[in-house]
Structures are given as structure tokens and as C-alpha cells.
Number of protein chains: 2
Amino acid sequence: MADDTKKTDQSVDFGILNSLLGYRLRRAQMNFFSKFSEVCSDLGISPGLFAIIAIVERNPGLTQTAVAQALGNDRSAMVAAVDKLEQMDIIERRPAINDRRSYALFMTKKGEKFFLTISERVMEHEQIMAARLEDENELDWLLKTLDTLSK
Amino acid sequence: MADDTKKTDQSVDFGILNSLLGYRLRRAQMNFFSKFSEVCSDLGISPGLFAIIAIVERNPGLTQTAVAQALGNDRSAMVAAVDKLEQMDIIERRPAINDRRSYALFMTKKGEKFFLTISERVMEHEQIMAARLEDENELDWLLKTLDTLSK
DNA sequence: TCAAAATAGTTTAGCATTACACCAAATTAG
DNA sequence: CTAATTTGGTGTAATGCTAAACTATTTTGA
């Protein structure tokens, strides 16, 4: 059936989209997102939750709002996220010492171990993807360039 | 008040996140997304809708499913999107000639003009962002690299 | 001091995205 | 040709993100 009347995926003309950074970034990011889910879905962790854990692990005692600001998220999105991470016994809310409005976030003992496990998986996946690049320099260059485009 | 007891955004340690392509891609893409919205929100067009228009404009007659596959979206997401674009008189559903289940999508006359207007704005914004890169070669290299990471 | 403004966390509503089930129509197999 | 499978469009439910409003608390400034 060498019938060409119906366009296949391959023959679709992407026009302007092909040269748009925004579109290409979206496709690449979507791919990373779905791969991340494949690798980590059994642990019940999304990329967004992983980012929160990573920040709290390196910066114990930050408030919810501080974490949200660091990640560029909305404060309100933190509520459900921290609720979930607390239920999973990964992080912990403690009353802030000098501000009765806010909580300080800390890793639990289980959370510290959990972070090691999941970091290992994430790094494995990262290395598989990075292997598509030419060399270490290209990776550094890409990370730097993405940073340039993030503000 | 040179008080350092509270961490500011600058002093947050991003740890592993700094070296993760997935995270950096997300930050860059979020930035493009919000800039796009600033530039195009008065026209009522999101990045996703723009992508659909761009595909239909270059490939008139594609079915909803074909457009969804090209963009990597779910079929079901097309319904509301095409409904909206039809209400805006930008694209048009016509019964497919040889398949009573499906619609073929076409630009309206107004849609063609609309696409020119919005493309202009998008390209302006694109050039502002691309100007942060070293030169044309770096842009090409980045687009190629993003493509590599998208599959 | 003390009223006004700002801030932390929360709730809620709106919107986009994803996955799943469904129906009608088309295609394939026997 | 008919039965079984696949496919296109749709509806719905769950999730994630954004924006706005609300309460309690803290900070500001006259």
C-alpha cells in the first residue's frame, strides 16, 4: 500500500515551529518529563516533587514560600505538594522559630535514604540522555545556554 | 539590616538540580511560555493553540488526530482546542471526503490573516531571545541539540 | 503606640494536559 | 459477506499549575 494521499507523521510540514526555540524546548522537556515518569513512577514522585526534595535536602529549614520562590513555583502549589511529601514521610514541617505564620521544612530520616535512591535513578537516566551529546563540553555548554534563556 | 539568618533566593543551593538537563529545560521552557503569554495573551492564543494553527496552516486538510500526533498531544485534547479555534473563526472543520468519522481542518480567511499577525509577534519575541546567544551558528546548534533530546 | 501595609500559609476556582472508556464508522480476517 | 478489530472524535475524571481571595501574623511608619 504505497498510498500517499494521507499524510503520515513524517510528511507533516512544521513550518515556523521548526525554528522556534520555545517549541523545541517544549518537545525536549516533554520527553524528559515522560522518561522521568517511567523511571520514577513506582516511587510516586513527579519531577516537581523531586525538585522540592532536592532543595530541602540541600537547604534544611527553608520555608514553603522560600522553596517555591527558588523553584519559580506558586506558593499555593506547595501546600498539596508538601502535604503529600509529609504523608510519604519524606519531609517534615516544623514550626518556624521566630515566625508563627510559617513552617520550616526538613528531611525525615527515611527521606534522606529515599533521596539517595531516587537521585541514583535520576542520574542514571540523565547520563543516558547526556550520552547523546558530543562530549562533556557540549553538556556544560548546553546547561549554560539553557540558563541564559531562563530569565 | 545585613542579616544573613534567612536564606535569600541567591543563597539557595540547588545541588543536583543544577546539573540536570530535565530541570534546566523546564526552567527555560517555563520562561518562554510566560513570555509568549505576555506577548500574545490579548489575542487569546496560548503556545499550544499557536502550534495547532501553525500545523494546519502549512498542512490544510489534516484530521484532528493527525495534528495531535504531529504535535505529540493526546487526541482528546484537540476537541476543546479546535472548538475554541472554530469559535474564534480561525480554523474550520469540514467533513472528511472518504471517512465519515473524521473532520479535515482548514484555515478560514480570517485565520490566515490572524496567523500572519501572530507569527510576526512570535518571531519578534524569538529574535529577542535568540539575541542572547553568541551567533546564528549557536542557535542552529541549539535547535539541533534540542531535537536530539526530544525522542 | 497603633493603624496600615506586607507576608506565610491556605482554600478555591479556572484552565490545560493525560488517561480511560465510549460510540460510530471503517478496516481486516476468515 | 460477515464478525472481529481498529480508528476518529468525544465525554469524563484526575492531575498540575495559576490567580485571586481569606486568615493569622508580622512589619512598617506616622
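Residue numbers begin at 1 in each chain, while the letters A, B, ... track the order of the sequences.
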For the pair made of [atom1] in [X] and [atom2] in [N], what is the distance, rounded to whole Å?
| X | N | atom1 | atom2 | result |
| --- | --- | --- | --- | --- |
| Phe36(A) | dG16(D) | CZ | C1' | 15 Å |
| Ile97(A) | dT26(D) | CD1 | P | 13 Å |
| Asn98(B) | dA25(C) | CG | C1' | 12 Å |
| Arg100(A) | dT7(C) | CZ | P | 19 Å |
| Glu86(B) | dG9(D) | CD | C1' | 13 Å |
| Asn73(B) | dA19(C) | CG | P | 11 Å |
| Asp83(A) | dG16(D) | CG | P | 13 Å |

So, Arg132(B) and Asp147(A), do they make that salt bridge, N to O below 4.0 Å?
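Not counted as a salt bridge, because no side-chain N and carboxylate O are separated by less than 4.0 Å.
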Could you please name the option among [options] that lies closest to any side-chain atom of [X]?
| X | options | result |
| --- | --- | --- |
| Thr63(B) | dT26(D), dC20(C), dG9(D) | dG9(D) |
| Tyr103(A) | dG9(C), dG9(D), dT18(C) | dG9(C) |
| Ser76(B) | dT18(C), dA20(D), dA26(C) | dT18(C) |
| Ser102(B) | dT18(D), dT10(C), dG8(D) | dG8(D) |
| Asp74(A) | dT17(C), dT18(D), dA26(C) | dT18(D) |

How about Phe106(B): does its CZ atom have over 12 heavy atoms from other parts shown lying under 6.0 Å from it?
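Yes, enclosed.
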Classify the side chain of Arg101(A) versus the base of dT7(C) as yes if they form a donor-acceptor pair under 3.5 Å and no if they do not.
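For Arg101(A), whose side chain was compared with the base of dT7(C), there is a donor-acceptor pair (under 3.5 Å).
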Quick one: does Thr63(B)'s side chain have a donor or acceptor within less than 3.5 Å of a partner on Tyr103(B)'s backbone?
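No; zero donor-acceptor contacts below 3.5 Å.
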Quick one: sort the Phe50(A) and Phe115(A) rings into parallel, tilted or perpendicular, breaks at 30° and 60°.
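Correct class here is parallel.
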Please determine which of Leu25(A), Asn18(A), Leu21(A) meets the side chain to side chain contact (heavy atoms under 4.5 Å, CB included) test together with Leu143(B).
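By the side chain to side chain contact (heavy atoms under 4.5 Å, CB included) criterion, Leu143(B) pairs with just one of Leu25(A), Asn18(A), Leu21(A): Leu21(A).
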So, is Gln69(B) near the phosphate of dG8(D), with a side-chain N or O under 4.0 Å from OP1 or OP2?
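So the side-chain polar atoms of Gln69(B) never come under 4.0 Å of the phosphate oxygens OP1 or OP2 of dG8(D).
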Reckon Arg75(A) touches a base, only the sugar-phosphate, or nothing at all at heavy-atom distances under 4.0 Å?
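Since a base atom lies under 4.0 Å of Arg75(A), the category is base.
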